[in-house]
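When a ligand or atom number is given, it counts from 1 through the structure's own listing order.
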Amino acid sequence: MKQLKVGIFGFGTVGSGTIEILMTNSEIIEKQAGCPITIKKICVKNMGKKRSFDIDKSMLTDKTSDIIEDPEIDIVVEVMGGIEEARSIIESSFRKGKHVVSANKDLISLYGKELSDLAKENNCHFFYDAAVAGGIPILRSLQFALSGNKINKIGGIINGSTNYILTRMEVEKLSLEEIVEDAKALGFLEEDPSADLEGLDAARKCAILASIGFHSLVTSNQVYVSGINKITLEDIEYADSLGYKIKLLAVAENLDEGIVVRVHPALIEKEHPLASVLYEFNAVYVVGDKVGQTMFYGKGAGALPTGSSVVNDIISVSKNILFENKPELAYDFYENKEVLSLKNLSFSYYMRLLFEHDNNSVSNIIKSLEFYNIPIYSINQWQKEIDGKQYDEFVIITNSCRELNLERAVEEIDMLPNVSLPTRVIRIERGL
Ligand SMILES: NC(=O)c1ccc[n+]([C@@H]2O[C@H](COP(=O)([O-])OP(=O)(O)OC[C@H]3O[C@@H](n4cnc5c(N)ncnc54)[C@H](OP(=O)(O)O)[C@@H]3O)[C@@H](O)[C@H]2O)c1
């Protein structure tokens, strides 16, 4: 019976989950794949590092060539992260006729098309389901399970770290800074959490989701992105009192005139299913023209959930090898749609404004909003005393209006003489 051999780059979080599943579920995996799958080599950076579990030391190497140049290795698993080195390893693997499984969203969201073209040229399979929403099989579902649909919209919570922070702020009534420090100490956040907090991680995943769902290339630098770093406990509490929760959402829309891809904090109604996605969980909504709404829910990161997706990809590659199938590449586009700016789109907004007390503030605000055609749904006003001084805080909910108009109105409001803080604006998501 044929045996397939795997070479793995990376023995960190995802690598250890993948290795553990390949070793402990080997019987199930063999039955599913149709042949035994064994790990031949694991390439790491630091050979002396203590690993999360024992493996035969002869399997470890720090030489890339021990995998790339080994003719017995059929499948390369890249779970080391980073861009340039990972790219070069994947390219060399394809040139040697090796099939590749990766979890690398940073790389795929930028170079997925080039890598897929090279895979095709070399008749190699290339899967990366773990790159988006870890354990949730969302890319596979878009590529295979929903392929008879025109996908109109994909959206949801695809960054577990920021969802964890927002949930704890809401539940424990602590500031973002306090939760971030605690989450770092607990190992839930990296020492430099900027890619999560600034929304960049979600933007990379959003680009991959849009590309595969809409069959048109979107790269991560085309995604509008704004993170959660400016969200305060006050925003969470005001939103709560008005019937909303704040979530970092990634939304991709497939419109006739082009594609919209955006990642930003948003207010969503408490009754919306996404509002009850808590802590590190992810959920992705997909709206297809025939299937209607579907929602995928689960863990978006972690050793075993992400390893589960990697192993599933390894099994798919193995079956394809055994059946001598041609590569089916998710980044194989038949559409070439423009990515649209948000400026001409319309949203409803939450605005929070702080003014030194002055009886004219409210009329000045309303004047600016009316001038720019911003329809007001509600205005709430609170009196606040800060360091012995009187302030008025306003929370305004608008009806749908053009983004560009809102930006202009906010610029004008922020020039008013008694403004104490730049106006805080958060979109309200109504279309998901
Ligand atoms: N963590 C998650 O839950 C998650 C979820 C979805 C996708 N991903 C993606 O999966 C990938 C891996 O993430 P991770 O969290 O597992 O990272 P990690 O814990 O930092 O592990 C990285 C591993 O790669 C090895 N490595 C780094 N540079 C190398 C090089 N030049 N040559 C050989 N090995 C090298 C490291 O070796 P040493 O151990 O010797 O340092 C380490 O074992 C990333 O692309 C990430 O975006 C992660």
Colleague: Could you list the residues that satisfy side chain to side chain donor-acceptor pair (under 3.5 Å) with Lys113, not counting sequence neighbours?
Modeller: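 In terms of side chain to side chain donor-acceptor pair (under 3.5 Å), with neighbours along the sequence ignored, Lys113 is linked to Asp117.
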Colleague: Below 4.0 angstrom, N of the basic side chain to O of the carboxylate: do Arg427 and Glu403 qualify?
Modeller: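 Glu403 and Arg427: salt-bridged.
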Colleague: If we count only N and O atoms by modelled type, under 3.5 Å, do the side chains of Glu78 and Ser102 hold a donor and an acceptor together?
Modeller: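 Judged by distance alone, the side chains do pair up.
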Colleague: List the protein residues in contact with ligand 1, where contact means a heavy-atom separation under 4.0 angstrom.
Modeller: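 Residue list for ligand 1: Gly10, Phe11, Gly12, Thr13, Val14, Cys43, Val44, Lys45, Asn46, Lys49, Arg51, Val79, Met80, Gly81, Glu85, Ala103, Asn104, Lys105, Ala130, Ala301, Gly302, Thr306.
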Colleague: Atom OH in Tyr350, atom OG in Ser378: separation rounded to 0.5 Å?
Modeller: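 If I round to the nearest 0.5 Å, the distance is 11.0 Å.
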Colleague: Does either side chain, that of Thr232 or that of Asp235, offer a donor lying less than 3.5 Å from an acceptor on the other one?
Modeller: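 Side chains of Thr232 and Asp235: pair found under 3.5 Å.
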Colleague: Do Asp313 and Phe126 make a side-chain contact, defined as non-hydrogen atoms from C-beta onward lying under 4.5 Å apart?
Modeller: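 Side chain of Asp313 against side chain of Phe126, heavy atoms only: no contact under 4.5 Å found.
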